[in-house]
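Down below is the structure, laid out as structure tokens.
Note that the structure is predicted; figures quoted are calculated from it, not measured. Just so it is clear: chains get the letters A, B, ... in the order the sequence lines come, proteins before strands, and each one is counted from 1.
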Number of protein chains: 4
Amino acid sequence: MQSIRTDLAVEAHELSKKAAKNASEIDGVISDVEKKGNITVTRVEITNENGSRALGKAQGTYVTVDAPDLKYSLDTYERTCQTVAEEIRKMAKVGSDTLTLVVGLGNREITPDALGTCVVSKLLVTHHIKRGGENDIFGDNISGVCAIAPGVLGTTGIETADIIKAVSEKVKPQLIIAVDALAAADIERISNTIQISDTGIQPGSGVGNNREGLCEETTGVKVIAIGVPTVIDAATISKVKIPEEMSPLMVTTRDIDLVIERAAKTVANGINLALHRNMTLRDVESYVG
Amino acid sequence: MQSIRTDLAVEAHELSKKAAKNASEIDGVISDVEKKGNITVTRVEITNENGSRALGKAQGTYVTVDAPDLKYSLDTYERTCQTVAEEIRKMAKVGSDTLTLVVGLGNREITPDALGTCVVSKLLVTHHIKRGGENDIFGDNISGVCAIAPGVLGTTGIETADIIKAVSEKVKPQLIIAVDALAAADIERISNTIQISDTGIQPGSGVGNNREGLCEETTGVKVIAIGVPTVIDAATISKVKIPEEMSPLMVTTRDIDLVIERAAKTVANGINLALHRNMTLRDVESYVG
Amino acid sequence: MQSIRTDLAVEAHELSKKAAKNASEIDGVISDVEKKGNITVTRVEITNENGSRALGKAQGTYVTVDAPDLKYSLDTYERTCQTVAEEIRKMAKVGSDTLTLVVGLGNREITPDALGTCVVSKLLVTHHIKRGGENDIFGDNISGVCAIAPGVLGTTGIETADIIKAVSEKVKPQLIIAVDALAAADIERISNTIQISDTGIQPGSGVGNNREGLCEETTGVKVIAIGVPTVIDAATISKVKIPEEMSPLMVTTRDIDLVIERAAKTVANGINLALHRNMTLRDVESYVG
Amino acid sequence: MQSIRTDLAVEAHELSKKAAKNASEIDGVISDVEKKGNITVTRVEITNENGSRALGKAQGTYVTVDAPDLKYSLDTYERTCQTVAEEIRKMAKVGSDTLTLVVGLGNREITPDALGTCVVSKLLVTHHIKRGGENDIFGDNISGVCAIAPGVLGTTGIETADIIKAVSEKVKPQLIIAVDALAAADIERISNTIQISDTGIQPGSGVGNNREGLCEETTGVKVIAIGVPTVIDAATISKVKIPEEMSPLMVTTRDIDLVIERAAKTVANGINLALHRNMTLRDVESYVG
């Protein structure tokens, strides 16, 4: 049982192993690590109830892409986009007939919570072009993509999950990709880590603490969740108990605006490459800026 | 038949009268003007098919609130908010049990088209508070308000009207208020004029040229449309024919960022006062910043 | 000797008294507290070298204006503006012939460091109007105000103090008011506290850690410094030693964008009222938006 | 004598030739055109008083880089950056000992006027690194670069030229590069054209109509001016005389935010490549984002 809050399965796994002391293995959790140059891909699979309880996460696959110098290297950026695209494709089949709804969660007015809305603004959205039959410029390279940034409960007055369900029922996608900012336990994770999971989004996770979850059970559509840690909970690093009314406090980096911009570009282009199969990163960047 | 594009019924009326030459009256159009200090309220009622054809607008009531020094005077600002609130209340009954969905149309990335999204960010949204039973702080002063900024077709891939209908079917409001930036024919209208109408929004109107309309026929809910002119169509003032591919051109004012900010504040607080009946402007400003 | 970092003299004083244990008084530090309704004004005067060493601050007067519900109440906002104006006037004589240079320090790209640039954008700047002889609209109510937001070393490549000195030598003001975001020790200070001091700005203070100071000795002009705490140093609340390379970490509030907006408005209008003596807050708000 | 306002020498030349009717040549104006794939480089040299009067521009060299699909093609973007860099290097010798002050003119709050401030935020600024002796990471590849965005008269109260002169006297650069948004006569020029000239900036040019010029005579330092047309003067396209008080009107494109972003990136990286001689575009993009 950990009191440290993290939305990353890979951190929850490490903390669980530490808590279990001698145990290097936890029943119901399989993990493996793959190195791709300076990029590390960690796969954590939670396969049963015990694993789920131990890590405090839903059963499913959580892939963490760690790219330590994402911030400074174009080369790392390009290979990270490709890696994100590959991992998405492993989780979902996307053909030229597939319609995907990308959902950018979070509050655009609060910088560390703006990742999702930022990603949505960098997508190559095609649903209206394909429907209009004007997709000659793209040919069969593209699948259908639509996207919304539904806002947060405090500014809409509506449960975010309700807006997404309503739109999903109307446009009937075969896949939902939900993007959100996450909280991590380790400050070094901020800006270098992307988590991709096939479990959807659980209630209470994310920087803004989503009240309701977003997953296949609630939407009837497969949901891939993609997140990037942008804050550490103040409680995690604080030496004194932070009182309840201080919960609005957050720990983040001074260059969070730049971090969000870069992470959003990487995630957005990872999604663009996954969904528009024969396009190169350069093609995609030409269209979306 | 006019070739000058305007979203304002009051301008369409003037242009029609000019086109009809001697005719000071057009069958099916009733208009009257009321002065409230330096604020002028013009009511144009289109009562039959002939009036609708002559003005190129749907039948219904269009109220124009003109406040020439809105930009410089706090006093004018306050009385304009009150006037907008009164006109909304004349068009729709709002009790403490009413749920209103406010829709902020337009593209937040294009300044003159951002009015709607800007208004949404300045509303006193209450639906979640009332549902949660935590409305002790407000008492019976407030009605239920929820709000979305659905984005535009080019960035979502989804018809904006479809998103609004989907959300409306989910939250079941008794009233929709749709806010959008408008095109005017007269440059002096920019920033000084607010149009409120009970006809909803017609296809092809607005700065971004909404493809589908938004009205009681399509949503099943009464729709009040509120708009502020922020651009003049370049075609309106141009001496040479502007080629089709130049349509992205627009004429606006250098201080459009400030104009949008002030107009959005006036419209938002007009809506806030209309829906939260016993609150003062000062109360409202305390809550929404 | 405290290891907790704070830019607030009032906090440094409390910490010094605690460190000195039984000592309720420190030689060279005089402080008194005045209540004005819900606003608390604390004056800390550092009168000798011993006081300066004990508090780690230059000799001079530090006035702290605490307004706990600044965030929610228009009434508190208005009285806080007046209080800030009064305290500025106590520190500097301003007549209609005075020229004041207001300097907005900090990095506008980093939200919690953007206070200074934000204040500058809300000032009633008059130097060019007075020089142009077009000040009929204002009459004798206004003094001369000019303002710059010089940027930070990392984005200009120039020491900020050098830019300010260069501009000051060119425009020759009688007074400089320098505005900056501060670090506090107590999280409750964020957003509710304004510090006004006649000592100028010391090297190493401020959110962005100004490398050089800005004071009468270095500029030849009286410098009033105004600051608002927007962050807590992560080191202050951390239970583990935060490594050097993590120094970019900061602790702030989730609603920091709103906090900056409100604090900037209060400080800017405090300055406006101090310098344009016969204007009301309402007048000032009409001009600067 | 033309009544059409343009800041582009290449347009002024065309208009003069038209006005002179049969004259294909104007005494004192030499021009030549070079094609580099889809990029067109036009050099207009004004060599005497007659040419200066005919075109309404100072004597000197004006290079126009036209890249029609700058907006959509990464390849065009990269070659345009290189071309801008080459043209800057032809106008000024830059060695590793050179210190260049880049000045971003214009008002960041008015989108079409924000080009200069936008460029400044994308520069690889090195003066403080070289002075600090920490330039191991860059080696001899870089020259000294510092940069300011001085603001505009209306918000600073200070003549922009005075701020620049003051800072220039303090940091003593060997070269000033001044970047500003321009007005063009032809709407097709918006977003596709970059003008580079060795004449500095003349009074009355630029979107915000700089009141004082900025050139070698006034600063004592060689001034290269770089501009991109972002607006057309409303008077240029209007069929009716636009009254004086309507001068704040401007004609621009709906996607001006995107246009500014792309143009600023191209100009900034052109400058970066010109000043940091052995760096590749990719290197530069790694550092500045």
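A 4.5 Å side-chain heavy-atom check between A:Glu169 and B:Lys170 finds at least one atom pair inside the cut-off.
The parts of A:Thr156 that come within reach of chain B are both its backbone and its side chain, each placing non-hydrogen atoms under 4.5 angstrom from that chain. For A:Val171, the part sitting under 4.5 Å from any heavy atom of chain B is the side chain, from C-beta outward, and nothing else.
Closest non-hydrogen pair, B:Val125 versus A:Thr155, comes out as CG2-O, 3.4 Å.
The OG1 atom of B:Thr117 lies 8.0 Å from the CZ atom of A:Arg108; values are rounded to the nearest 0.5 Å.
Under the rule for a salt bridge (charged side-chain N to carboxylate O under 4.0 Å, His left out), B:Lys222 has no partner lying at least two apart in sequence or in another chain.
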